[in-house]
Amino acid sequence: MTYVEQYLGEPPTSVYRQRIYVHRADPASSRIITDIYAFRGKDAEKVLGAHKDSSKLKGFSPASMDKLSNGCAMLWKAVGDSFEGVQNAESCHYIPSGISEKIRLSDRIVLSPAALST
């Protein structure tokens, strides 16, 4: 499991979204698959900074969060000492809290020993 804070700006200055990434091996495809969960309501405020204080995540589980649709899972492959994950906009779409339109996601994420970049 990985707690993720995503920032806007360059240099990054403000958190705009937090997620929990739950990783699992898929023996059928020999890949790592990551399911993505979003915090509900004001729960995101409660866990802000959890990468520095993991006790803030106590009590949270996938059952208490919203899972992005199955088509939004990240598919990973090893690249050197890092991992590269991809997400496909053709299969990944969801309706975020407070918005009435469907959002499509297409992402490339690099997980290195030092950071997760999207």
Side-chain angles (χ1 to χ4, degrees):
M1 180 185 91
T2 306
Y3 165 76
V4 177
E5 287 184 1
Q6 293 177 317
Y7 296 83
L8 289 175
E10 193 56 49
T13 54
S14 60
V15 175
Y16 79 96
R17 179 167 67 196
Q18 297 150 270
R19 299 283 194 249
I20 294 291
Y21 289 9
V22 178
H23 315 286
R24 59 186 164 86
D26 180 25
S29 68
S30 298
R31 297 191 91 163
I32 297 169
I33 297 175
T34 298
D35 294 314
I36 302 172
Y37 294 84
F39 292 94
R40 294 179 183 151
K42 295 191 179 235
D43 286 346
E45 294 173 24
K46 296 175 186 173
V47 300
L48 190 63
H51 59 294
K52 295 178 182 174
D53 179 5
S54 61
S55 69
K56 291 182 175 190
L57 296 171
K58 188 174 182 175
F60 287 96
S61 71
S64 66
M65 302 176 77
D66 294 324
K67 181 180 176 185
L68 273 63
S69 73
N70 286 333
C72 291
M74 297 293 302
L75 303 175
W76 298 89
K77 66 179 179 179
V79 179
D81 68 344
S82 300
F83 289 90
E84 182 177 297
V86 294
Q87 196 172 44
N88 184 339
E90 295 304 315
S91 61
C92 181
H93 46 83
Y94 74 107
I95 299 174
S97 176
I99 296 177
S100 59
E101 292 184 34
K102 195 180 285 187
I103 303 291
R104 292 189 177 275
L105 295 177
S106 176
D107 208 353
R108 179 182 161 269
I109 295 179
V110 176
L111 177 61
S112 72
L116 184 141
S117 303
T118 182

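The two residues R104 and H93 have their closest heavy-atom pair at NH1-CD2, 3.6 Å. Closest approach of G71 and S91 over heavy atoms only: O-OG, 3.0 Å.
Follow the hydrophobic side-chain contacts under 4.5 Å out from F83 and you never reach V22; the two are in separate clusters. Hydrophobic clustering, with ILVMFWY side chains joined whenever heavy atoms are under 4.5 angstrom apart, keeps I103 apart from M65. A single hydrophobic cluster is not seen to contain both V4 and L57; linkage of ILVMFWY side chains at heavy-atom distances under 4.5 Å, directly or through other members, places them apart. Both L48 and Y7 belong to a common hydrophobic cluster when Ile, Leu, Val, Met, Phe, Trp and Tyr are linked at side-chain heavy-atom distances under 4.5 angstrom. If you chain together hydrophobic residues whose side chains sit under 4.5 Å apart, L111 and I32 fall into the same group.
For residues 99-118, no pair satisfies ring-ring contact (aromatic ring centres under 6.0 Å, His included), with sequence neighbours left out. Applying the salt bridge (Lys or Arg N to Asp or Glu O under 4.0 Å) definition to pairs two or more places apart or across chains, none involves residues 109-118. Applying the ring-ring contact (aromatic ring centres under 6.0 Å, His included) test to every pair with at least one member in residues 32-69, sequence neighbours left out, gives these pairs: F39-F60. For residues 26-78, every residue pair satisfying the disulfide (SG to SG under 2.5 Å) rule, not counting sequence neighbours, is listed here: C72-C92. Within the structure, every pair that satisfies the salt bridge (Lys or Arg N to Asp or Glu O under 4.0 Å) test and touches residues 106-118, not counting sequence neighbours, is listed here: E84-R108. Among pairs with a residue in residues 45-60, those fulfilling salt bridge (Lys or Arg N to Asp or Glu O under 4.0 Å) read D43-K46, at least two apart in sequence or across chains.
How far CE of M1 is from CD1 of I20: 4.5 Å, rounded to the nearest 0.5 Å. Considering OG of S117 and CD of Q6, their distance stands at 10.5 Å, rounded to 0.5 Å. Here CD of E5 is found 3.0 Å from OH of Y3. Values are rounded to the nearest 0.5 Å. Note that the OG1 atom of T34 and the CD atom of Q87 stand 10.0 Å from one another [nearest 0.5 Å]. For the atom pair CE of M74 and CD1 of I36, the computed distance is 6.0 Å after rounding to the nearest 0.5 Å.
By the 4.0 Å N-to-carboxylate-O rule, R40 lies close enough to D66 to be salt-bridged with it.
Side chain of R31 to backbone of W76: a donor-acceptor contact under 3.5 angstrom is found.
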